[in-house]
Amino acid sequence: MKTNDDQFFREAVSRICGSDNIEKALQECFFFLKHYIPMNQVILNIFDNTTNMAEAVVRVSDDGILLDSIIIPYTRQVKKDMEAYTSRSKRVWMVRRLGDYEGTRHIAEKSGTADFPGVIMDLDLDGRIIGKLTIIHGKETRFSEEHLRLLEILNTPFAFALSHHLKHREIRRLKDIVADNQMYYQEELNQISGGFVIGADSGLKPVMEMVRRVAHQDSPVLLIGETGVGKEVIAKALHRISPRSDKPFIGVNCGAIPESLMDSELFGHEKGAFTGAAVRKRGRFERADRGSIFLDEVGELKKEAQVRLLRVLQEKEIERVGGTETLSMDIRVIAATHRNLEEMIRDKIFREDLYFRLKVFPIYIPPLRERILDIPALVSHFIQKKSVDMKLGIPPSIAPGQIDKLMEYQWPGNVRELENAVERALILYNGQQLQFDGLEASASAAPASPQEAPAPTSLNLDEAMTQHITQALKTAGGKIHGPGGAAELLGINPMTLRHRLKKLGIPFGRAARKNYGPQRP
Ligand SMILES: Nc1ncnc2c1ncn2[C@@H]1O[C@H](COP(=O)(O)OP(=O)(O)OP(=O)(O)O)[C@@H](O)[C@H]1O
């Protein structure tokens with residue numbers, strides 16, 4: 001190595017390895033190399049053999065670091081070229097037109113440099129090409145053998161820097177997955193520490209029966225019910241008993257994400273896809289891969305987002321915003337709504353095709369006023385849970401007559417409202433017994449859904465039975481016998497059920513089916 005080569009090498013390496021941030025390092029190096037080799041753009045590319053995608057990992061030009069990401073599929077020819085490498089004698093060579101050389105054609109076309117001459121260097125580490133460095137200058141530029149010789153001196157440092165960057169990137173990706181899993185296990189812990197379904201053996205029995213039936217399939221499930229009835233609780237229960245239970249459960253509140261961020265939230269984005277997209281971000285679909293995605297308030301999705309969601313459901317593929325790579329997804333979709341989607345279809349604010357995709361298996365969750373027998377267990381569950389959260393020591397007991405009062409109330413906000421009422425009572429707790437005051441004032445409040453008739457509130461056995469059987473009929477869409485029929489859901493003989501229906505005066509049969517609502521399975 002000549003002395004000036006020695007100095008050149010040291011100066012260049014101090015720049016290539018001078019920063020953990022490869023963009024910054026390449027930019028520093030670019031300014032230095034410009035004194036020796038003509039260039040107005042330098043690109044570090046990788047070729048991923050597993051996905052057959054070529055990616056411009058970093059691009060630096062006279063204008064600075066170019067942020068828009070370029071990832072494109074590469075052809076068999078490129079692969080051949082890479083494989084032929086071992087028999088090629090040169091690691092650095094020039095091409096008259098970047099668009100004519102297979103290994104650079106795709107990225108050159110995408111970056112508008114296809115007509116330019118360039119110098120290409122295979123970056124070689126441990127006898128394997130890990131990427132390419134491409135140097136580009138004006139159309140008339142003639143690179144010399146001396147330029148190639150100088151560049152080749154820097155092969156190993158460039159290869160090292162690229163390899164270090166790729167490892168760093170992989171660690172970031174894995175960290176992301178670990179964070180996801182952590183979130184998931186936290187959820188699991190929450191479930192174990194009391195987040196299970198109260199009422200699974202009473203008012204929600206027909207619901208849980210449906211959940212158990214569908215859990216082992218991959219079919220989309222649509223949970224329908226008023227706000228606060230526990231749709232998310234049921235969605236988590238479904239995921240938990242499904243074969244995907246060891247994979248993530250990712251929730252999306254479709255009503256809470258601004259329209260402008262919806263695509264990036266759901267599908268992720270590439271680095272530089274828009275202002276502020278400084279790093280690549282995985283979307284919720286990608287995070288939910290092999291697990292379940294819970295699309296809460298799906299009725300709130302705007303029309304454009306509905307179209308994109310439909311495409312994902314049909315094609316089971318996503319593309320990150322600003323990306324070209326297509327990612328296959330294996331996801332169980334659980335959607336939920338408190339709105340009447342059929343009415344929204346009539347009003348042309350919800351797409352019918354999306355509705356049919358989502359409602360493959362609809363499950364109706366009845367409002368709390370239709371399953372008042374669950375109230376005592378729910379109240380006791382919330383008292384236990386919140387006493388721990390509020391560090392109250394031994395959970396207080398309930399004053400006599402209070403449970404009756406809670407069972408007489410209509411609960412327009414359903415279980416959520418009940419949970420809040422318990423919390424309020426605990427805050428006001430004076431060391432005696434728990435009182436639930438302030439409910440009477442809103443006892444006449446209308447139910448959250450105008451479609452639902454108020455339930456009987458008496459504890460009379462016949463009335464409670466009527467309520468329970470009516471719920472099973474609603475879940476079964478009025479069907480009595482056969483799979484999914486009310487008799488099966490209730491675990492009794494269809495003949496016995498018919499007998500009880502007559503005795504209790506509950507309408508049934510073909511003519512009465514309309515009573516059990518079109519949205520209910
Ligand atoms: N069966 C249940 N067992 C235990 N907790 C429940 C049950 N149902 C609801 N909850 C609790 O009530 C609250 C509301 O439930 P959840 O968020 O699942 O309702 P939702 O129907 O999804 O509401 P929204 O329509 O507003 O999204 C939560 O804190 C939840 O833990």
Side-chain angles (χ1 to χ4, degrees), residues 186-212 221-241 249-257 284 292-301 333-341 344 350 358 362-390 395 406-407 409 411-426 447-452 468 471 475 519-520:
Q186 191 56 49
E187 284 286 351
E188 281 287 281
L189 270 177
N190 290 346
Q191 305 288 356
I192 294 162
S193 62
F196 48 84
V197 181
I198 307 288
D201 288 324
S202 54
L204 291 175
K205 193 171 179 178
V207 169
M208 289 309 290
E209 182 57 36
M210 306 287 268
V211 167
R212 269 180 222 110
V221 172
L222 180 63
L223 301 173
I224 304 158
E226 290 175 15
T227 181
V229 286
K231 295 186 287 297
E232 187 167 345
V233 170
I234 299 295
K236 285 179 180 161
L238 198 164
H239 174 76
R240 212 166 50 240
I241 56 178
F249 172 93
I250 302 290
V252 183
N253 186 339
C254 302
I257 303 175
R284 310 245 181 141
S292 311
I293 195 159
F294 175 52
L295 302 173
D296 200 5
E297 308 293 359
V298 75
E300 307 303 320
L301 278 182
V333 175
I334 309 169
T337 183
H338 67 275
R339 300 184 64 175
N340 185 334
L341 294 183
M344 291 175 73
F350 201 82
L358 295 174
I363 300 179
Y364 171 71
I365 303 165
L368 189 55
R369 63 183 171 279
E370 287 183 15
R371 46 183 169 105
I372 52 169
L373 296 183
D374 291 350
I375 288 178
L378 280 165
V379 171
S380 133
H381 164 71
F382 289 136
I383 292 177
Q384 299 284 337
K385 186 173 145 225
K386 289 190 184 288
S387 296
V388 175
D389 295 348
M390 295 164 78
L406 295 177
M407 290 169 91
Y409 181 60
W411 299 110
N414 291 293
V415 185
R416 183 177 290 112
E417 190 185 358
L418 176 65
E419 186 175 357
N420 292 342
V422 171
E423 186 165 334
R424 203 168 48 237
L426 286 171
S449 161
Q451 305 164 42
E452 302 303 330
H468 197 63
Q471 173 49 40
T475 307
Q519 286 220 4
R520 300 168 191 199

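Just so you know, ligand 1 is whichever comes first in the structure, and atom 1 is the first atom listed for that ligand.
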> Provide the number and element of each atom of ligand 1 under 4.0 Å from a heavy atom of Asp296.
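Answer for ligand 1: 27 (O).
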> Any N or O on Val233 sitting closer than 3.5 Å to an N or O of ligand 1?
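So ligand 1 has an N or O lying under 3.5 Å from an N or O of Val233.
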> I need the contact type for Asn253 against ligand 1. Using non-hydrogen atoms and a strict under-4.0 Å cut-off, is it side chain, backbone, both or neither?
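It is neither part, as no heavy atom is under 4.0 Å.
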> Any donor-acceptor pair under 3.5 Å linking the side chain of Lys231 with the backbone of Leu222?
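No; judged by distance alone, with no hydrogens or angles, the pair does not exist.
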> Which distance, rounded to the nearest 0.5 Å, do you find between the CD of Glu417 and the CG of Leu368?
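Spacing of CD (Glu417) from CG (Leu368) equals 9.0 Å.
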> Counting each atom of ligand 1 from 1 as listed, which ones have a heavy atom of Glu419 under 4.0 Å away?
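Checking each atom against Glu419, I get 11 (C), 12 (O), 13 (C), 28 (C), 29 (O).
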> If you measure every N/O of Thr227 against every N/O of ligand 1, is any gap under 3.5 Å?
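N/O-N/O distance below 3.5 Å exists for this pair.
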> Of the listed options (Met208, Arg416, His381), which comes nearest to atom 17 (O) of ligand 1 when hydrogens are ignored and any heavy atom counts?
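That would be Arg416.
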> What do you reckon, does Val415 have a nitrogen or oxygen under 3.5 Å from a nitrogen or oxygen of ligand 1?
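N/O-N/O distance below 3.5 Å does not exist for this pair.
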> Where the closest heavy atom to atom 23 (O) of ligand 1 is concerned, which of Ala235, Gly251, Gly255, Gly228 has it?
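Comparing heavy atoms across Ala235, Gly251, Gly255, Gly228, the nearest one to atom 23 (O) of ligand 1 lies in Gly228.
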> Nearest 0.5 angstrom please: Glu232 CD to Asn253 CG, how far?
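If I round to the nearest 0.5 Å, the distance is 8.5 Å.
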> Please report the interatomic distance CZ(Phe350) to CG(Asn340), rounded to the nearest 0.5 Å.
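Those atoms lie 11.5 Å apart.
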> Could you give the distance from CG (Leu238) to CD1 (Ile334), rounded to the nearest 0.5 Å?
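It is 4.5 Å, given to the nearest 0.5 Å.
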> Looking only at distance, does Val197 have an N or O less than 3.5 Å from an N or O of ligand 1?
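In this structure, Val197 places no N or O atom under 3.5 Å from an N or O of ligand 1.
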> Using heavy atoms and a threshold below 4.0 Å, how should the contact between His338 and ligand 1 be classified: side chain, backbone, both, or neither?
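For His338, no heavy atom sits under 4.0 Å from ligand 1.
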> To the nearest 0.5 Å, tell me how far Ile363 CD1 sits from Ile234 CD1.
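These two atoms lie 8.0 Å from each other.
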> Are any non-hydrogen side-chain atoms of Ile198 and Ser380 less than 4.5 angstrom apart?
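No - every pair of side-chain heavy atoms lies 4.5 Å or more apart.
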> Can you find an N/O atom of Leu204 closer than 3.5 Å to an N/O atom of ligand 1?
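No - when backbone and side-chain N and O of Leu204 are compared with those of ligand 1, no distance drops under 3.5 Å.
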> Rounded to the nearest 0.5 Å, how far apart are NE2 of His381 and NZ of Lys386?
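If I round to the nearest 0.5 Å, the distance is 8.5 Å.
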